[in-house]
Number of protein chains: 2
Amino acid sequence: MSTVTSTLPTPATRMPAAERRELILASATEVFGEHGYAGTTTDQVAQAAGISQPYVVRMFGTKENLFLEVMGRALGKLKVAFREVIAESASPDETAHRLGAAYADLITDRGILLALMQSFVQGGDRVVGEAARCGFLEIYALLRDEAQLTPEQVRDFLAHGMLFNTLIAIQLPLAYDTSADARELMDVAFGAKLQKVLGAAGSKK
Amino acid sequence: MSTVTSTLPTPATRMPAAERRELILASATEVFGEHGYAGTTTDQVAQAAGISQPYVVRMFGTKENLFLEVMGRALGKLKVAFREVIAESASPDETAHRLGAAYADLITDRGILLALMQSFVQGGDRVVGEAARCGFLEIYALLRDEAQLTPEQVRDFLAHGMLFNTLIAIQLPLAYDTSADARELMDVAFGAKLQKVLGAAGSKK
DNA sequence: GTCTATAGGATGATAGAC
DNA sequence: GTCTATCATCCTATAGAC
């Protein structure tokens with residue numbers, strides 16, 4: 001019998017580089033979002049993307065660079081979402097009103113918000129910190145200049161966004177059924193977006 | 001010459017266990033606050049506390065347990081600070097007003113707020129997450145029941161607190177002198193507390 | 001484009017001396 | 001109460017085959 005040209009253990013289907021990049025970035029966003037920069041291994045990302053660990057490194061050079069690209073991608077999606085709202089709104093006040101719902105919608109884009117939050121707590125890192133500061137300021141400037149909100153309006157929007165992030169990060173929805181306090185806090189914090197949030201939380205693996 | 005009873009390399013001065021515990025917890029709070037749970041090594045904590053790595057583990061059993069104790073300690077300090085404000089205030093509205101300043105004061109207690117934030121982003125962890133949810137709800141209940149704020153008031157206070165945490169985490173004060181946007185955002189977000197915040201940020205190692 | 005093998009460097013925790 | 005020595009594991013990154 002001739003040597004069987006070994007069918008290797010599921011070598012991931014060939015895929016154009018650009019597509020694979022996006023797939024890895026999406027997977028990495030989820031994993032980094034849940035475990036943080038240091039808490040995530042390149043192997044976890046690889047498994048989430050269905051490829052080998054060295055290939056992840058090969059494609060992004062270093063874990064740090066992968067994280068930076070995840071940040072950039074997340075920030076980009078944030079901007080797109082905000083600009084959509086701005087374009088659809090007739091006045092700054094309407095923008096301010098709609099922005100909250102748009103932010104809540106981003107929870108559907110698995111990990112985006114959590115990955116950004118993970119980048120914030122990494123602010124002490126020289127390179128990640130610099131990127132986080134720049135990114136945060138870009139959002140601030142966008143809301144002030146393009147959405148034409150006052151600094152106070154931007155501040156309040158960002159504040160409630162950070163609370164939103166935090167409640168999602170600690171997975172408060174898990175306590176919705178067992179704690180009256182949790183229910184009350186979520187009701188007052190999420191308002192009309194509650195159902196959407198609970199839905200997204202429920203779909204967690 | 002008789003064998004010299006070796007003077008070991010600076011064996012940390014003997015200290016009662018309780019005192020050493022507190023010293024380690026304080027050091028750990030700073031390190032965990034800056035690098036997060038996974039990003040912190042027990043050796044970093046040990047060095048910050050001026051003792052050996054195994055001794056840290058010996059005293060707290062596991063790194064996870066050390067982190068949980070850091071969380072508990074930070075939460076305790078938060079409660080104490082809030083209750084002081086409540087006791088000194090004549091009305092819920094006055095409490096609401098003063099609470100912000102009290103929160104900003106906590107930035108002096110190196111790492112407390114950042115360590116808590118690090119616990120939030122660790123919310124996906126079974127045991128840390130549970131502790132984070134409980135802790136957050138305790139604060140919510142305290143502000144509502146003891147400070148007698150409305151759920152909406154508590155939400156808004158927490159929201160601005162989370163923004164405060166975030167701006168500190170990304171070390172925005174570093175950009176205060178070089179970015180007009182950073183200056184504007186910090187002015188509107190910190191208000192009267194700005195000087196205190198800048199002072200604390202400047203004292204960073 | 002993707003994988004296997006593996007080097008090289010931490011890191012958490014244990015054992016046991018002083 | 002505190003340290004030294006050390007193990008076992010894990011993890012990023014490289015080398016090189018297919």
Side-chain angles (χ1 to χ4, degrees), chain A residues 2-28 31-32 34-70 122 125 127-128, chain B residues 2-28 31-32 34-70 122 125 127-128:
Chain A
S2 56
T3 41
V4 181
T5 40
S6 63
T7 307
L8 294 170
T10 329
T13 353
R14 260 172 171 270
M15 195 180 283
E19 198 174 330
R20 182 112 275 166
R21 275 184 75 83
E22 168 58 22
L23 196 158
I24 298 176
L25 283 174
S27 306
V31 185
F32 276 129
E34 179 148 4
H35 303 291
Y37 175 67
T40 293
T41 71
T42 52
D43 192 53
Q44 282 176 297
V45 173
Q47 282 182 241
I51 58 178
S52 70
Q53 179 267 333
Y55 192 29
V56 172
V57 175
R58 171 68 79 98
M59 197 157 235
F60 292 90
T62 64
K63 176 180 161 179
E64 180 177 71
N65 196 63
L66 171 59
F67 188 75
L68 290 172
E69 298 223 30
V70 164
Q122 204 63 20
D125 180 286
V127 32
V128 173
Chain B
S2 56
T3 42
V4 181
T5 40
S6 64
T7 309
L8 294 170
T10 330
T13 354
R14 261 173 172 269
M15 197 180 283
E19 197 174 331
R20 182 114 273 164
R21 273 184 77 84
E22 168 57 21
L23 197 159
I24 298 177
L25 284 174
S27 306
V31 186
F32 276 129
E34 179 148 3
H35 304 290
Y37 175 67
T40 294
T41 70
T42 53
D43 192 52
Q44 282 176 296
V45 173
Q47 283 183 238
I51 57 175
S52 71
Q53 179 267 331
Y55 192 27
V56 172
V57 175
R58 172 67 79 98
M59 195 157 238
F60 292 90
T62 64
K63 177 180 162 181
E64 180 177 71
N65 195 63
L66 171 59
F67 188 74
L68 289 173
E69 297 221 29
V70 164
Q122 205 63 22
D125 181 284
V127 31
V128 174

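The sequence lines fix the lettering, A, B, ..., with proteins before strands; numbering per chain opens at 1. Note that the structure is a prediction, hence the values are computed from the model and not measured.
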With rounding to the nearest 0.5 Å, note down the distance linking CD in A:Gln122 to CD in B:Glu34. 9.5 Å
May I have the distance from B:Arg21 (atom CZ) to D:dT2 (atom P), rounded to whole angstrom? 13 Å
Over all strands shown, is A:Met59 touching base, sugar-phosphate only, or nothing at heavy-atom distances under 4.0 angstrom? nothing
Proximity to the side chain of A:Ala17 - top-ranked nucleotide from C:dG1, D:dT2, C:dC3: C:dG1
Measure from CZ on A:Phe60 to P on D:dT12 and round the result to the nearest Å. 15 Å
Interatomic distance, CD@B:Glu22 vs CD@B:Glu19, rounded to 0.5 Å, equals 9.5 Å
In short, ring-ring contact (aromatic ring centres under 6.0 Å, His included) pairs touching residues 37-65 of chain B with sequence neighbours left out are B:Tyr37-B:Phe67
Figure out the OH/P separation between A:Tyr55 and C:dT4, and round it to whole Å. 14 Å
Distances for protein N or O near nucleotides 11-15 of chain C N or O, under 3.5 Å:
| from | atom 1 | to | atom 2 | distance (Å) |
| --- | --- | --- | --- | --- |
| C:dG12 | OP1 | B:Thr40 | O | 3.4 |
| C:dG12 | OP1 | B:Lys63 | NZ | 3.1 |
| C:dG12 | OP2 | B:Thr42 | N | 2.9 |
| C:dG12 | OP2 | B:Thr42 | OG1 | 3.0 |
| C:dA13 | OP2 | B:Lys63 | N | 3.0 |
| C:dA13 | N7 | B:Gln53 | NE2 | 3.0 |
| C:dA13 | N6 | B:Gln53 | OE1 | 3.0 |

In this structure, CG of A:Asn65 is separated from NZ of A:Lys63 (nearest 0.5 Å) by 13.0 Å
Under 4.0 angstrom between A:Arg20 side-chain N/O and C:dG1 OP1 or OP2: no
Any side-chain heavy atom of A:Met59 sitting closer than 4.5 Å to one from A:Ile51? no
Report yes if some heavy atom in the side chain of A:Ile24 is under 4.5 Å from a heavy atom in the side chain of A:Arg20; otherwise report no. yes
Rounded to whole Å, how long is the line connecting atom CD1 of A:Ile24 with atom C1' of C:dT2? 10 Å
Given atom CD1 of A:Ile51 and atom C1' of C:dT4, what is their separation to the nearest angstrom? 15 Å
